[in-house]
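This chain uses plain numbering: 1 for the first residue, then up along the sequence. Computed from a predicted structure; not experimentally measured.
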Amino acid sequence: MNKWMKIAYNEAVKSLSNMDGGPFGAVIVRNEKIIATGRNEVLLNNDPTAHAEVNAIRKASKILKRFDLKDCTLYTTCFPCPMCIGAIFWARIPIVYYGATEDDASHGGFDDKIFYKMIKKKNRYAILHQIDHKKNAKLFDKWNNLKNKKIY
């Protein structure tokens with residue numbers, strides 16, 4: 001087993017052993033050193049966003065004191081769900097290695113496949129209803145007028 005994936009795997013085992021959440025683990029590596037690890041803690045924290053990848057990204061960003069992890073690599077025990085893929089993109093992590101597939105997760109009772117289907121649907125925005133567009137869109141005008149804003 002790959003040495004970094006083994007660490008992610010061990011995080012997943014901890015999650016299972018502690019009943020913290022599902023069988024998911026992750027590790028973020030930079031320059032051949034572990035920056036942060038994460039495991040699924042959805043049940044532990046009653047937080048639906050406490051996925052292994054998100055937890056590892058949050059820890060790595062705090063440790064490195066930056067939100068841009070473009071010089072890091074993520075190892076995760078399963079193909080990332082859409083939320084985690086979004087977090088990976090926002091963190092600018094360029095390389096992700098994963099173990100199990102979304103089919104494996106589905107076999108374990110995790111409904112990621114439902115989200116992938118929703119994303120691929122032509123009417124994927126069926127659950128989203130826009131209101132108060134003009135007022136909210138003006139927030140971006142205010143943002144654009146800020147002098148010391150930091151783009152991320």
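Separating the CZ atom in Phe110 from the SG atom in Cys81 is a distance of 11.0 Å, to the nearest 0.5 Å. In this structure, the separation between CG on Leu74 and CD1 on Ile35 is 12.5 Å, given to the nearest 0.5 Å. Between the CG atom of Asn45 and the CG atom of Asn55 there is a distance of 7.0 Å, given to the nearest 0.5 Å. Rounding to the nearest 0.5 Å gives a distance of 11.5 Å between CG of Asp132 and NZ of Lys134. Rounding to the nearest 0.5 angstrom, the gap separating the CD1 atom in Ile88 from the CG atom in Leu69 is 10.5 Å.
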Problem - Phe67 vs Ile57, side chain to side chain contact (heavy atoms under 4.5 Å, CB included): CA-CA, chis, key distance, verdict - result: CA-CA 9 Å; Phe67 55 82; Ile57 289 168; over 6 Å; no

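In this structure, the side chains of His107 and Asp103 stay at 4.5 Å or more apart for every pair of heavy atoms. In this structure, Ile28 and Tyr75 have side chains that are not in contact, with every pair of non-hydrogen atoms separated by 4.5 Å or more. The shortest side-chain heavy-atom distance between Asp47 and Val42 does not fall under the 4.5 Å cut-off. Side-chain contact check for Met5 versus Val27: every heavy-atom pair is 4.5 Å or farther apart. A 4.5 Å side-chain heavy-atom check between Val96 and Thr76 finds at least one atom pair inside the cut-off. When side chains are defined from C-beta on, Tyr9 counts as touching Met1, because their heavy atoms get closer than 4.5 Å. In this structure, Thr73 and Ile95 have side chains that are in contact, with non-hydrogen atoms separated by less than 4.5 Å.
Legend: residues meeting side chain to side chain donor-acceptor pair (under 3.5 Å) with Thr77, ordered by chain and number and at least two apart, are absent. Under the salt bridge (Lys or Arg N to Asp or Glu O under 4.0 Å) criterion, Asp112 pairs with no residue at all, not counting sequence neighbours.
Pro48 and Met83 get closest at one heavy-atom pair: O-CE, 4.0 Å. Contact record, Gly22 with Leu16: C-CD2, 4.5 Å, taken as the closest heavy-atom pair. The two residues Asn18 and Arg39 have their closest heavy-atom pair at ND2-NH2, 4.0 Å. Annotation for Ser15 and Phe24: closest pair CB-O, 4.3 Å, computed over non-hydrogen atoms. When all heavy atoms are compared, the tightest approach of Cys84 to Glu53 is SG-OE1, 3.3 Å. Residue Cys72 comes nearest to Pro94 through the heavy atom pair O-CD, 3.2 Å, listed as atom of the first residue, atom of the second, then distance.
Within 6.0 Å of NZ on Lys149 lie more than 12 heavy atoms contributed by other residues, nucleotides or ligands.
Pairs of residues two or more places apart, or lying in two chains, that qualify as side chain to side chain donor-acceptor pair (under 3.5 Å) and include a residue from residues 81-102 are Thr101-Asp104.
The existence of a salt bridge linking Lys14 and Glu41 is excluded, since no basic side-chain nitrogen approaches an acidic carboxylate oxygen closer than 4.0 Å. Remark: Asp71 engages Arg66 in a salt bridge, criterion side-chain N to carboxylate O under 4.0 Å.
There is no path of hydrophobic side-chain contacts, each under 4.5 Å, that joins Val54 to Leu44.
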